[in-house]
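What you are looking at is a predicted structure, and each value in this text was computed from that prediction instead of being measured. Just so you know, ligand 1 is whichever comes first in the structure, and atom 1 is the first atom listed for that ligand.
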Amino acid sequence: MKVSIIGPGGIGGVVATLAARRGHDVILTNSRGAATLEDQVRTLGPNAREASLVEAVQAADIVVLAIPLTALSRLPAKDFDGRIIIDMMNYYPMRESQIAVLDDGEMTSAEMVQRELPGAHVIKALNNQDAPHLLLNAGTGSALPVAGDDAEAKESVAAFLRDLGYETIDAGMLRDSWRMEPSNARKLVMP
Ligand SMILES: NC(=O)c1ccc[n+]([C@@H]2O[C@H](COP(=O)([O-])OP(=O)(O)OC[C@H]3O[C@@H](n4cnc5c(N)ncnc54)[C@H](OP(=O)(O)O)[C@@H]3O)[C@@H](O)[C@H]2O)c1
């Protein structure tokens, strides 16, 4: 598979490592540009390269979104039309600015991502392990929840995660993905 990582930082970098290990073509992109990714690309090996954000999105079978949630509005939404997106972002209001629709429990963060990228197939996954454990737990029998509204895209992501070394658990629709979010205070108001 061609897997593009938007934001190969702490956690996106782990997904890049796991995907490269399994022989996937890995494309890295960030906001600071190619020069800042050279070392990481070299470390990942011959199946890795960097690209502009739009090229990375267009080339990918699966796009992994691993940027701060507050950077979401800076993405070129139209370019994501038709793409399968793994949303591994978490909302940490104490670290980032407040987002009213999330604070009010109007929607899950994954539903907000889907609202911002309306033409994409957004799947919530890979957000509930920290970076060291995501690396360590691969291949140990650990399971990850996967939520999404598009059954076909959800199965594609589940197959990708199984290939990386994880069992998967169907966590329902995007509206159900509050169960996978770090801030479970919202469950008091979500249906
Ligand atoms: N770290 C964890 O253990 C962990 C676990 C689960 C989920 N998460 C979630 O994953 C996301 C990333 O967390 P992190 O800890 O990996 O953060 P991080 O180490 O700061 O990495 C963030 C990455 O996003 C890139 N980025 C930021 N704005 C961008 C933009 N507008 N366009 C393209 N790339 C952009 C950064 O590159 P530049 O510096 O070049 O912009 C960097 O590669 C967050 O939503 C977090 O809640 C993290």
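- In this structure, atom 26 (N) of ligand 1 has a protein heavy-atom contact shorter than 4.0 Å.
- The protein atom (non-hydrogen) at minimum distance from atom 3 (O) of ligand 1 is Ala131 N, 2.9 Å.
- In terms of protein heavy-atom proximity, atom 21 (O) of ligand 1 is closest to Gly9 CA, 3.5 Å.
- Considering backbone and side-chain N/O atoms, Thr29 never comes within less than 3.5 Å of an N/O atom of ligand 1.
- The single protein non-hydrogen atom nearest to atom 28 (N) of ligand 1 is Ala71 CB, 3.7 Å, given as residue, atom name and distance.
- For ligand 1, the atoms lying closer than 4.0 Å to a non-hydrogen atom of Pro68 are 24 (O), 27 (C), 45 (O).
- No part of Tyr91 comes within 4.0 Å of ligand 1, judged by heavy-atom distances.
- Among all non-hydrogen protein atoms, the one lying nearest atom 40 (O) of ligand 1 is Arg32 NE, 2.7 Å.
- Contact check for Asn90 versus Leu69: no side-chain heavy atoms found under the 4.5 Å cut-off.
- Looking at Ile67 next to ligand 1, an N or O pair under 3.5 Å apart turns up.
- Every atom of ligand 1 with a heavy atom of Pro8 under 4.0 Å away is listed here by number and element: 43 (O).
- Salt-bridge annotation for Glu55 and Arg49: present, with a side-chain N of the basic residue lying under 4.0 Å from a carboxylate O of the acidic one.
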Worksheet entry | Evaluation steps, side-chain contact (heavy atoms from CB on, under 4.5 Å), between Ile86 and Phe160 | CA-CA 11 Å; Ile86 300 181; Phe160 172 62; 3.9 Å; yes

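- When each atom of ligand 1 is checked for a heavy atom of Asp130 under 4.0 Å away, the hits are 3 (O).
- At a threshold of 4.5 Å between non-hydrogen side-chain atoms, the residues Glu116 and Leu75 do not count as touching.
- For atom 13 (O) of ligand 1, the closest non-hydrogen atom of the protein is Ile11 CG2, 4.0 Å.
- Any N or O atom pair closer than 3.5 Å counts here, and Met89 shares no such pair with ligand 1.
- Not one N or O of Gln129 is nearer than 3.5 Å to an N or O of ligand 1, by distance alone.
- Nearest protein heavy-atom neighbour of atom 9 (C) of ligand 1: Met88 O, 3.4 Å.
- For Asn127, the closest heavy-atom approach to ligand 1 falls below 4.0 Å.
- Taking any N or O of Leu53, backbone or side chain, none lies under 3.5 Å from an N or O belonging to ligand 1.
- If you number the atoms of ligand 1 from 1 as listed, the ones under 4.0 Å from a heavy atom of Tyr92 come out as 47 (O).
- Side chain of Asn30 to main chain of Leu37: no donor-acceptor pair is present (N/O by atom type, distance under 3.5 Å, no hydrogens or angles).
- When only modelled atom types and interatomic distance are considered, Asn137 and Tyr166 share no side-chain donor-acceptor pair under 3.5 Å.
- Checked by atom type, the side-chain pair His24/Asp163 shows a donor-acceptor distance below 3.5 Å.
- Salt-bridge annotation for Glu111 and Lys124: absent, with no side-chain N of the basic residue lying under 4.0 Å from a carboxylate O of the acidic one.
- At the top of the distance list for atom 17 (O) of ligand 1, counting protein heavy atoms only, stands Gly10 N, 4.5 Å.
- Between Leu53 and Ile6, the closest side-chain pair of non-hydrogen atoms falls below 4.5 Å.
- In terms of modelled atom types and a separation under 3.5 Å, the side chain of Thr108 and the main chain of Leu174 share a donor-acceptor contact.
- Contacts of Ala66 with ligand 1, taken as heavy-atom pairs under 4.0 Å, involve the backbone alone.
- Here the side chain of Glu50 pairs no donor or acceptor atom with the backbone of Glu38 at under 3.5 angstrom.
- The heavy atom nearest to atom 34 (N) of ligand 1, out of those in Ser31, Gly33, Gly12, is found in Ser31.
- Looking from atom 23 (C) of ligand 1 to the surrounding protein, the closest heavy atom is Gly7 CA, 3.5 Å.
- Between the Asp104 side chain and the Glu106 main chain, no donor and acceptor come within less than 3.5 Å of each other.
- Looking only at distances, a side-chain donor or acceptor of Arg83 sits under 3.5 Å from a matching main-chain atom of Val57.
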